Amino acid sequence: MQIYDTLDKKLKDLNSNRTLNIYICGITPYSESHIGHAMSAVIFDTLRRYLLSQDYKLKFVQNFTDIDDKLINVAKEKNTTIDKISNKYISQHLNSLSKLNVMPADHAPKATEEIKEMINMIEALISKEMAYEINGDCYFRVNKFDTYGKLSKRNTDEMLAGARIDINENKEHPMDFALWKKQINDEPGWESPWGNGRPGWHIECSAMSMKYLGQNLDIHGGGRDLIFPHHENEIAQSEGFSDNPPFSNIWMHNGLINLKSEKMSKSIGNIISIDDLLQKYSAAAIRMFFISGNYKNPLEYDDAILISNEKAINRLKQTLNLNSSDSLDELDPDKFINKFNQSMSKDLNTSLALGSIFEMSRSINQSFNKNINISKSQLALAKLLNILGIDTDSENETNNNLDTKEIEDLINLRNKHRLDKDYKKADEIRDKLEAMGIAIYDSDDGTKWRNI
RNA sequence: GGCGACGUGGCCAAGCGGUCUAAGGCAGGGGUCUGCAAAACCCUUAUUCGGCGGUUCGAAUCCGCCCGUCGCCUCCA
């Protein structure tokens with residue numbers, strides 16, 4: 001398996017001989033998770049499922065940054081505690097992801113439960129003079145880390161030229177970033193060698209990934225927007241601390257979701273929550289939407305595409321439900337499986353992989369029509385879909401309060417008219433059902449219905 | 001201003017030096033099935049890859065310029 005590394009800008013092989021350590025940056029739980037978080041989670045879940053299917057061993061950690069300025073502000077506004085806010089959104093987040101068929105991480109540490117590790121790390125950085133304390137705040141000394149900027153391909157001078165960086169009186173250098181922040185008034189604080197305070201943004205990921213996965217990760221992932229400053233700073237403090245580069249062998253970043261050509265983010269406020277999306281579309285269609293293109297590229301949110309994915313999923317479902325003949329003449333699925341695996345192993349090319357799935361589906365349908373035994377291929381197809389986390393039996397959560405009894409009564413009435421060959425009345429009932437949002441179809445097995 | 005990504009059929013999207021007259025999905029057209037439909041199935045739909053030059057025996061794929069869209073440089077998946 002090869003993955004594109006943001007830092008070295010090339011494809012890199014994954015070591016299959018030992019357990020792979022994978023760390024994905026999680027959310028800051030201060031508001032409801034949006035579909036951008038969902039996309040990121042689905043992409044890394046797809047990676048994980050594929051690796052497992054290829055017998056890789058891996059440890060998968062995703063954190064929660066449950067202490068930060070925004071969390072403090074929300075708690076203040078709502079007159080409650082950061083605990084209550086973060087717990088609420090963490091459980092909501094996990095719940096939404098499980099509906100999307102995202103597997104839970106092996107470890108999901110919370111920043112607030114790893115304060116001691118962070119303090120140890122900051123102390124070590126200070127003793128190495130890579131960091132310093134001023135008035136209860138601690139900062140990382142950017143100029144002490146030679147390769148600062150290597151991930152985001154920029155240097156401190158260029159960034160300063162941008163002149164949009166707030167110059168904090170306390171810092172030695174404007175680009176130095178906070179490792180520890182002094183407690184102010186009634187804000188939450190933990191005891192530390194520098195007085196009460198709380199961790200800065202980046203340090204939690206360094207501390208937690210090292211604690212659970214060691215100093216050299218195989219893959220460190222997250223959204224593109226984390227490249228700077230978050231991941232850049234993580235590298236600086238982690239490698240500065242360990243003197244054992246690389247902090248991560250591969251940096252893997254997914255593209256972001258755009259809404260009307262504008263990035264969707266909590267700060268802009270153009271948000272679609274995961275649960276909103278799940279109300280409208282099945283988990284299967286949503287997952288297909290997220291992986292329909294290259295994971296590194298931005299994705300434009302588009303209802304028309306989600307609807308088309310819903311239809312595509314439906315076709316797959318039909319193929320899976322075909323009753324195979326028990327003929328000795330059997331359709332061999334290997335060709336499709338191989339293409340699928342080749343695509344996936346080359347930097348997670350999910351679009352090509354999906355292509356092979358649809359080719360397989362068509363081939364199965366054709367074979368079915370020729371009475372060829374397709375059961376082995378159907379099983380293989382189901383397996384591939386499972387690797388993509390696409391569960392064709394998933395339904396959306398639409399809860400349109402329809403009266404099932406009423407629908408069935410209408411269908412029975414229509415069938416009576418059909419038997420009497422009174423097609424005019426039968427068609428009227430069909431139109432009425434359609435107006436109610438119900439599509440019906442006659443099959444050998446009786447009349448079926450579904451939501452439109 | 002600096003750094004980076006992207007521009008492929010009506011829409012989404014893969015391909016990144018020859019097997020490309022360009023995968024796959026949706027929509028469209030034709031057919032099977034049906035009382036008629038719907039759903040499903042089958043067949044079909046780009047000599048062309050933002051524009052202009054260049055490199056090469058050969059380019060959607062490499063290089064240059066231009067046009068356009070977006071992201072990062074401040075919190076963000």
Side-chain angles (χ1 to χ4, degrees), chain A residues 6 9 24-28 30 33-44 62 68-70 73 149 152-155 157-166 201 221-230 232 253-258 261-268 288-289 292-294 296-300 302 304-319 321-322 339 343 349-362 364-366 368-369 417-419 421-424 426-427 430-431 433-434 439-444 447-450 452:
Chain A
T6 307
K9 301 180 86 166
I24 309 298
C25 284
I27 57 157
T28 300
Y30 70 97
S33 294
H34 62 236
I35 59 177
H37 299 115
M39 172 161 94
S40 192
V42 163
I43 285 166
F44 290 109
Q62 183 161 37
D68 127 305
D69 292 3
K70 293 184 293 291
N73 292 337
S152 54
K153 322 290 180 213
R154 52 187 104 201
N155 62 55
D157 293 342
E158 275 168 6
M159 282 187 273
L160 287 178
R164 285 206 270 158
I165 295 140
D166 230 8
W201 183 27
R224 291 206 73 78
D225 52 350
L226 293 181
I227 293 173
F228 190 90
H230 188 53
E232 193 71 60
H253 292 105
N254 65 273
L256 308 178
I257 289 195
N258 290 161
S261 292
E262 195 180 36
K263 180 183 134 184
M264 188 173 70
S265 82
K266 291 184 190 175
S267 45
I268 300 174
M288 186 176 281
F289 174 61
S292 58
N294 185 306
K296 294 192 287 299
N297 293 155
L299 179 67
E300 187 73 28
D302 187 343
I305 301 297
L306 261 325
I307 290 166
S308 81
N309 286 343
E310 209 72 79
K311 291 178 185 170
I313 293 284
N314 205 261
R315 286 185 44 212
L316 261 17
K317 197 189 288 189
Q318 298 282 345
T319 301
N321 287 339
L322 255 22
K339 187 178 168 195
S343 308
N349 190 333
T350 46
S351 353
L352 246 197
L354 279 171
S356 66
I357 277 182
F358 284 102
E359 283 164 11
M360 188 175 189
S361 170
R362 186 188 305 127
I364 292 174
N365 292 333
Q366 288 166 340
F368 172 77
N369 291 341
H417 290 312
R418 287 177 69 215
L419 276 176
K421 296 206 192 296
D422 187 348
Y423 295 120
K424 187 159 179 274
D427 289 352
R430 184 165 63 199
D431 292 344
L433 283 163
E434 197 176 307
I440 59 170
Y441 55 100
D442 303 317
S443 74
D444 295 344
T447 300
K448 305 280 178 58
W449 64 275
R450 65 185 174 83
I452 295 172

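Lettering of chains follows the sequences in order, A, B, ..., and the numbering in each one begins at 1. Treat the numbers as computed from the prediction; the structure is a model and nothing was measured. All values below come from the heavy atoms of this structure, side chains included, with hydrogens, waters and symmetry mates left out.
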*Interatomic distance where CG belongs to A:D431 and C1' belongs to B:A38 [whole Å]*: 12 Å

*Quick one: are A:L352 and A:K339 in side-chain contact, heavy atoms under 4.5 Å?*
yes

*Give, for atom CG of A:L299 and atom CG of A:N258, the distance between the pair rounded to the nearest 0.5 Å.*
8.0 Å

*Using a cut-off of 4.0 Å between protein heavy atoms and nucleotide atoms, how would you tag nucleotides 39-45 of chain B 5' to 3' with B, S and -?*
SSSSS--

*asked:* Could you work out, with side chain to side chain donor-acceptor pair (under 3.5 Å) as the rule, every residue matching A:Q318, not counting sequence neighbours?
replied: none

*Out of A:K296, A:M39, A:R224, which residue meets the side-chain contact (heavy atoms from CB on, under 4.5 Å) rule with A:N254?*
A:M39

_Footprint string (nucleotides 2-12 of chain B, 5' to 3'): B base within contact, S backbone only, - free, heavy atoms under 4.0 Å_ = BS--------S

*How long is the gap from CG on A:L433 to CZ on A:R430, to the nearest 0.5 Å?*
10.0 Å

*How would you label the contact of A:G221 with the nucleic acid (heavy atoms, under 4.0 Å): base, sugar-phosphate, or nothing?*
nothing

*Taking side chain as C-beta onward, heavy atoms only, is A:N73 less than 4.5 Å from A:Y30?*
no

*Qualifying residues under ring pair (Phe, Tyr, Trp, His ring centres under 6.0 Å), relative to A:H230, sequence neighbours excluded*: A:W201, A:H202

*Under 3.5 Å on both distances, the Watson-Crick or G-U partner of B:A22*: none

*How would you list, by chain and number, every residue that makes a side chain to side chain donor-acceptor pair (under 3.5 Å) with A:H253, sequence neighbours excluded?*
A:T6, A:H231

*Both distances under 3.5 Å, Watson-Crick or G-U wobble: report the partner of B:C65, or none.*
B:G51

*asked:* Taking pairing as Watson-Crick or G-U wobble with both contacts under 3.5 Å, can you name the mate of B:G17, or confirm there isn't one?
replied: none

*Distance below 4.0 Å between A:N349 side-chain N/O and B:G15 OP1 or OP2*: yes

_Touch class at under 4.0 angstrom, heavy-atom based, for A:G293 against every strand present_ = sugar-phosphate

*Quick one: label A:L256 by what it contacts on the DNA or RNA (base, sugar-phosphate, nothing), any heavy atom closer than 4.0 Å.*
base

*Just name whichever nucleotide pairs with B:G9, Watson-Crick or G-U, keeping both distances under 3.5 Å, else none.*
none

*How about A:I257 and A:H34: do any of their side-chain heavy atoms sit closer than 4.5 Å?*
no

*May I ask you to say what A:H253 touches in the nucleic acid, namely base, sugar-phosphate or nothing, with a heavy-atom cut-off under 4.0 Å?*
nothing

Return the polar atom pairs (N/O with N/O) between nucleotides 32-35 of chain B and the protein under 3.5 Å, or none.
residue, atom, partner, partner atom, Å
B:G35, O6, A:R414, NH2, 3.2
B:G35, O6, A:R418, NE, 3.4
B:G35, N1, A:D427, OD1, 3.1
B:G35, N2, A:D427, OD2, 3.0

_Any strand counts, and the cut-off is 3.5 Å on both contacts for Watson-Crick or G-U wobble. Which nucleotide pairs with B:A40?_
B:U32

*Once you apply the 3.5 Å cut-off to both distances, tell me the Watson-Crick or G-U wobble partner of B:U74, or none.*
none

*asked:* Applying a 4.0 Å non-hydrogen cut-off, can you work out what A:I257 is touching in the nucleic acid: base, sugar-phosphate, or nothing?
replied: base

*asked:* Checking the side chain of A:S40 only, and the main-chain atoms of A:H37 only, is there a donor and an acceptor separated by less than 3.5 Å?
replied: no

*Roughly, in whole Å, what's the span from NZ in A:K70 to P in B:U74?*
14 Å

